[in-house]
2 protein chains.
Amino acid sequence: MSHPEPVVPPHPAQDITEHVGYRLKRSAAALRGAMDKALRGHGLTVPQYACLELLDERPGLSNADLARGAFVTRQSMNVVLRGLQDAGLIRRPATTEHGRALPAHLTDEGSRRLAGARSAVYAIERRMVEAIPPRRLAALLADLDRMADALGDESGNDG
Amino acid sequence: MSHPEPVVPPHPAQDITEHVGYRLKRSAAALRGAMDKALRGHGLTVPQYACLELLDERPGLSNADLARGAFVTRQSMNVVLRGLQDAGLIRRPATTEHGRALPAHLTDEGSRRLAGARSAVYAIERRMVEAIPPRRLAALLADLDRMADALGDESGNDG
DNA sequence: CCGGGTATGTCAAACTTCTGACATGTCACA
DNA sequence: TGTGACATGTCAGAAGTTTGACATACCCGG
């Protein structure tokens with residue numbers, strides 16, 4: 001009747017909210033919500049902002065590169081890129097000489113918009129960081145990374 | 001030309017991947033991907049599983065309660081509930097005496113499906129937990145919670 | 001008794017993202 | 001040379017999620 005294996009929990013927990021997965025989801029949802037709200041005033045969505053930020057740091061990334069960096073599929077990122085391109089925030093060559101990847105770059109307008117949005121996003125990040133003991137920040141970053149690595153990190157994206 | 005405010009970052013970082021927000025997103029994406037894959041074999045989506053888990057712990061939760069617990073809108077959860085109801089995994093009264101909220105309950109079949117899916121999800125959670133030093137687990141959970149609280153946690157859901 | 005305020009369930013439309021598929025381009029290697 | 005493996009960009013359709021709106025139902029204070 002009952003399951004043969006006793007279903008041993010990953011760690012002692014009174015209820016679901018004690019699970020790492022639940023907390024992770026909660027924090028990520030809170031972050032997403034805060035960013036959505038903050039970016040709306042700048043006329044950007046979260047994936048759009050992520051895309052601009054990536055391109056600012058490493059100009060010339062391809063659609064596939066950006067998709068990996070933003071944890072979405074190539075197809076989704078392609079939609080985002082078209083939007084940014086139509087808005088004049090990035091530019092992409094129509095063709096390329098060597099491969100198939102089209103390197104994207106921020107336009108001046110894109111840089112300006114990013115600068116404005118960045119301060120809003122950084123304010124959010126600062127709120128998060130200030131909420132945790134400074135001594136634990138490095139460990140937190142490391143543990144988040146370890147967890148992602150442990151799950152393969154292929155993110156299930158693309159196929 | 002350049003921005004008047006120097007845009008002070010929340011904490012020293014060489015590149016974007018050092019930011020808490022990025023790591024959080026990465027871990028959450030990895031978890032989501034792993035759960036998606038694991039649950040597919042059980043014929044459940046992540047929101048469906050979350051819903052069943054919540055109902056197992058606290059039978060009688062309403063659609064709105066479940067939406068809050070799963071960090072989605074009422075409307076999204078409503079779709080999920082209909083799916084689970086059609087699949088015979090939960091039941092909900094058509095009407096109620098006192099309020100407007102309709103209390104949902106797992107069916108026997110729902111409990112069975114949950115038990116099966118749970119072991120798959122717990123295996124994922126165990127992989128995550130085992131990737132971090134045991135001594136830091138409690139601190140990690142606390143810090144994730146602190147961050148969510150710091151962002152208001154209203155998640156931006158509903159309106 | 002009645003009013004605003006709040007919470008809930010639900011409908012409809014728009015948007016976002018994913019799955020599946022295909023053509024193109026490069027590279028390693030026989 | 002050419003062939004298989006792999007990565008990229010893109011199209012089309014499906015699925016999931018959100019925004020916006022509305023009616024209903026309780027609660028509290030006048």
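Residues satisfying the side chain to side chain contact (heavy atoms under 4.5 Å, CB included) criterion with Q85(A), sequence neighbours excluded, are I90(A), R92(A). The side chain to side chain contact (heavy atoms under 4.5 Å, CB included) check on R58(B) picks up L61(B), with sequence neighbours excluded. Partners of E57(B) according to the side chain to side chain contact (heavy atoms under 4.5 Å, CB included) rule, which considers only residues two or more places apart in sequence or in another chain, are D15(A), I16(A).
Distances from the side chain of P47(B) to the nucleotides dT17(C), dT17(D), dG16(D) place dT17(D) closest.
Side-chain N/O atoms of S76(B) include one lying less than 4.0 angstrom from OP1 or OP2 on dT18(D). Contact annotation: N78(B) does not reach the phosphate of dG9(C) (side-chain N/O to OP1 or OP2, under 4.0 Å). Side-chain nitrogen and oxygen atoms of T73(A) include at least one within less than 4.0 Å of the OP1 or OP2 phosphate oxygen of dC18(C).
Between the CG atom of D36(A) and the P atom of dT19(D) there is a distance of 7 Å, given to the nearest Å. Distance, F71(B) CZ to dT18(D) P: 12 Å, rounded to whole Å. The separation between L39(A) atom CG and dT18(D) atom C1' is 16 Å, rounded to whole Å.
Residues of residues 55-62 of chain A that place a heavy atom closer than 4.0 Å to DNA chain C do not occur.
Ionic pairing of D36(B) and R32(B) is present here: one or more N-O contacts between side-chain nitrogen and carboxylate oxygen are shorter than 4.0 angstrom. Taking a cutoff of 4.0 Å between a charged side-chain nitrogen and a carboxylate oxygen, D149(B) and R26(A) qualify as a salt bridge. Under 4.0 Å is where a charged nitrogen must lie from a carboxylate oxygen, and between D86(A) and R82(A) no such pair does.
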Quiz: residues 128-144 of chain B side-chain donor-acceptor pairs under 3.5 angstrom, not counting sequence neighbours:
from: R136(B); atom 1: NE; to: D143(A); atom 2: OD1; distance (Å): 3.4
from: R136(B); atom 1: NE; to: D143(A); atom 2: OD2; distance (Å): 2.8
from: R136(B); atom 1: NH2; to: D143(A); atom 2: OD1; distance (Å): 2.7
from: D143(B); atom 1: OD1; to: R136(A); atom 2: NE; distance (Å): 3.4
from: D143(B); atom 1: OD1; to: R136(A); atom 2: NH2; distance (Å): 2.7
from: D143(B); atom 1: OD2; to: R136(A); atom 2: NE; distance (Å): 2.8

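Of the possible polar contacts, none joining the S62(B) side chain to the P103(B) backbone as a donor-acceptor pair under 3.5 Å is found.
Both A101(A) and R82(A) lie close to DNA chain D; mapped to their nearest nucleotides by heavy-atom distance, the more 5′-ward contact belongs to A101(A). Mapping R40(A) and R92(A) onto DNA chain D by nearest heavy atom places R92(A) at the nucleotide closer to the 5' end.
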Under 3.5 Å, N/O pairs linking protein and nucleotides 21-25 of chain D:
from: dA23(D); atom 1: N3; to: R100(B); atom 2: NH1; distance (Å): 3.4
from: dT24(D); atom 1: O2; to: R100(B); atom 2: NH1; distance (Å): 3.3
from: dA25(D); atom 1: O3'; to: H98(B); atom 2: O; distance (Å): 3.3

